[in-house]
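Heads up: the structure comes next, in structure tokens.
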Protein chains: 2
Amino acid sequence: MELFVSQFVNKIDKKGRVSLPSIFRNALPQNSKNEIILYKSLKHNSIEGCSGDRIKDIADRINKLDFFSEDQDDFARSILSEIIPTNIDKEGRFLIPDYLKKHSNITSEVTFVGQGHYFQIWEPKAAIERQKKSRARLIKKKKSLSSIIFPIQRSYEK
Amino acid sequence: MELFVSQFVNKIDKKGRVSLPSIFRNALPQNSKNEIILYKSLKHNSIEGCSGDRIKDIADRINKLDFFSEDQDDFARSILSEIIPTNIDKEGRFLIPDYLKKHSNITSEVTFVGQGHYFQIWEPKAAIERQKKSRARLIKKKKSLSSIIFPIQRSYEK
DNA sequence: TGGGATTATATGGGCGTCAATGGGTATACT
DNA sequence: AGTATACCCATTGACGCCCATATAATCCCA
């Protein structure tokens with residue numbers, strides 16, 4: 001299976017359409033190249049997207065829960081009712097629903113971020129911010145890591 | 001098999017008709033696109049709906065319960081005796097019986113909520129309330145959420 | 001290997017089709 | 001007759017399909 005990788009910035013046209021990057025389209029499963037599933041990210045003000053196949057698997061698991069349980073209802077409610085199947089037109093474009101645009105402050109441009117089995121859609125500036133923070137956090141961890149591993153070398157550093 | 005997913009708010013007209021969302025109609029089985037089954041939700045002040053095929057599945061499940069158990073009797077009574085088969089007209093609309101409207105405080109608009117193999121019909125404001133509660137409860141139970149979603153990711157790994 | 005030729009991708013816009021909604025009228029049931 | 005429901009037709013706005021173009025990527029041959 002292909003993965004969603006790399007980053008792309010694309011424009012939203014007057015009709016609200018935006019091109020799904022070509023290599024993301026290629027990463028969709030053969031049988032459903034003209035549909036993606038969109039939903040709010042649980043962690044960020046961004047949108048996440050994936051193939052329909054992925055959702056079918058999740059739905060199967062939810063349906064195996066006890067039919068009368070609260071959990072079954074909650075999961076169905078929070079996951080299945082909050083996803084938006086979205087058609088991709090012949091040119092590879094799709095529409096982002098208004099409430100998802102609001103959620104992620106998207107207006108005229110978006111940044112697609114490959115995340116492996118799924119991808120994210122960000123307002124471009126927010127994407128850059130997110131990138132910085134993410135990197136900073138990594139560097140911080142590295143430092144503390146090296147302070148554990150190389151405590152002596154650090155004393156030479158400044 | 002197609003699933004009921006996503007949410008839609010539709011209006012009830014003067015004659016009491018309301019459109020079943022297009023993608024819900026598409027999710028009905030090929031052989032019975034002009035009928036849905038309605039019944040009171042056991043858990044909420046809402047209506048639930050599904051295809052006739054699904055009711056057959058539920059009946060099977062009930063049959064598998066201990067024949068002499070109280071539960072068997074209760075379920076059969078609560079579910080099978082109170083379902084309402086409802087016709088869908090050529091334009092994709094149907095009528096919501098009055099007692100179901102009362103049960104769910106529905107007046108002029110409804111929210112359709114996809115739940116996988118079935119869907120719910122809510123009074124729109126109540127739907128929003130329910131959404132919040134459901135999500136809050138789920139966040140508390142993050143562990144069980146990831147147990148639903150994680151195994152899927154693994155299945156994509158090779 | 002350079003550079004023109006070909007193809008693919010991102011983007012723009014016209015237009016037909018479909019979904020949601022409203023309303024008239026025929027048919028059926030009581 | 002009176003009420004309820006289904007069928008038919010109409011309207012509106014949104015969306016998908018088609019065609020077009022510019023830029024970018026790739027190819028291919030001298």
Side-chain angles (χ1 to χ4, degrees), chain A residues 2 4-28 30 32-38 47 49 52 83-102 106-114 119 121-124 127, chain B residues 2 4-28 32-38 49 84-102 106-114 119 121-124 127:
Chain A
E2 296 292 325
F4 300 108
V5 294
S6 200
Q7 283 195 18
F8 305 88
V9 179
N10 284 348
K11 287 174 190 172
I12 297 178
D13 69 18
K14 287 176 190 169
K15 292 182 176 181
R17 298 173 298 189
V18 62
S19 289
L20 186 67
S22 169
I23 72 169
F24 282 18
R25 294 202 296 270
N26 292 336
L28 292 172
Q30 279 302 331
S32 62
K33 293 244 177 246
N34 53 356
E35 185 192 66
I36 54 173
I37 309 293
L38 299 178
I47 303 166
I83 63 179
I84 313 278
T86 305
N87 292 331
I88 299 178
D89 73 14
K90 291 279 165 72
E91 283 75 36
R93 295 175 288 195
F94 65 99
L95 296 169
I96 301 175
D98 277 342
Y99 87 97
L100 288 180
K101 279 189 193 166
K102 272 181 200 158
I106 286 169
T107 56
S108 62
E109 276 192 335
V110 298
T111 299
F112 290 89
V113 180
F119 58 89
I121 306 175
W122 291 78
E123 190 285 320
Chain B
E2 293 295 323
F4 301 107
V5 297
S6 222
Q7 288 188 41
F8 305 88
V9 180
N10 283 349
K11 288 174 189 170
I12 297 178
D13 69 18
K14 288 175 189 170
K15 295 180 178 180
R17 298 173 299 188
V18 63
S19 289
L20 186 67
S22 169
I23 73 168
F24 283 17
R25 295 201 295 271
N26 292 336
L28 292 172
S32 62
K33 294 245 177 243
N34 52 357
E35 185 193 64
I36 54 173
I37 309 294
L38 299 178
I84 311 282
T86 305
N87 291 333
I88 299 177
D89 74 15
K90 293 277 166 73
E91 283 75 37
R93 294 176 287 196
F94 65 99
L95 297 168
I96 302 175
D98 276 341
Y99 84 94
L100 288 180
K101 278 190 193 165
K102 273 181 199 156
I106 286 169
T107 56
S108 63
E109 276 193 334
V110 297
T111 299
F112 289 89
V113 179
F119 58 89
I121 306 175
W122 290 76
E123 190 286 318

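In what follows, every chain begins at residue 1, and chains take the letters A, B, ... in the order their sequences are listed. Keep in mind that the numbers below use all heavy atoms, side chains included, and drop hydrogens, waters and symmetry copies.
Toward the 5′ end of DNA chain C lies the nearest nucleotide of A:Ile12, the other residue of the pair B:Val9 and A:Ile12 mapping further downstream.
Taking CD1 of A:Ile36 as the reference point, atom CG of A:Leu38 lies at 4.5 Å (rounded to 0.5 Å). Distance CG/B:Asn87 to CD/B:Glu35: 6.5 Å, rounded to 0.5 Å. Annotation: the span from A:Leu100 atom CG to A:Ile84 atom CD1 amounts to 6.0 Å, rounded to 0.5 Å.
In this entry the distance linking NZ of A:Lys11 with C1' of C:dG12 reads 11 Å, nearest Å. Whole-Å rounding puts the A:Gln7 CD to C:dA10 P distance at 15 Å. Rounding to whole angstrom units, CG of residue A:Asn10 and C1' of C:dG12 are separated by 14 Å. If you take CZ of A:Phe112 and C1' of C:dA10, they are 11 Å apart, rounded to a whole angstrom. Between the CZ atom of B:Phe24 and the C1' atom of C:dA19 there is a distance of 15 Å, given to the nearest Å. What separates CG of B:Asp13 from C1' of D:dA4 is a distance of 14 Å, to the nearest Å. Note: CZ (A:Phe94) to P (C:dT11) measures 11 Å, nearest angstrom.
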- [ ] Could you encode protein contacts along nucleotides 10-26 of chain D as a string, one character per nucleotide from 5' to 3', using B for base contact, S for sugar-phosphate-only contact and - for no contact, with a heavy-atom cut-off of under 4.0 Å?
- [x] -----SBBBB-------

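Side-chain atoms of B:Asn10 come within 3.5 Å of backbone atoms of B:Ser19 as a donor-acceptor pair (strictly under, hydrogens ignored). Between the B:Arg25 side chain and the B:Lys33 main chain, no donor and acceptor come within less than 3.5 Å of each other.
At the heavy-atom level, B:Ile23 lies nowhere under 4.0 Å from the strands shown.
Distances shown here put a side-chain N or O of A:Arg25 below 4.0 Å from the OP1 or OP2 atom of C:dA10. Side-chain nitrogen and oxygen atoms of B:Lys14 include none within less than 4.0 Å of the OP1 or OP2 phosphate oxygen of C:dG22. Residue B:Ser19 places none of its side-chain N or O atoms closer than 4.0 Å to OP1 or OP2 of C:dA19.
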TODO: Under the ring-ring contact (aromatic ring centres under 6.0 Å, His included) rule, what do A:Phe4 and A:Phe24 come out as? Steps first, then yes or no, please.
DONE: CA-CA 6 Å; A:Phe4 300 108; A:Phe24 282 18; 5.4 Å; yes

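The closest side-chain heavy-atom distance from A:Glu2 to A:Asn26 is not below 4.5 Å.
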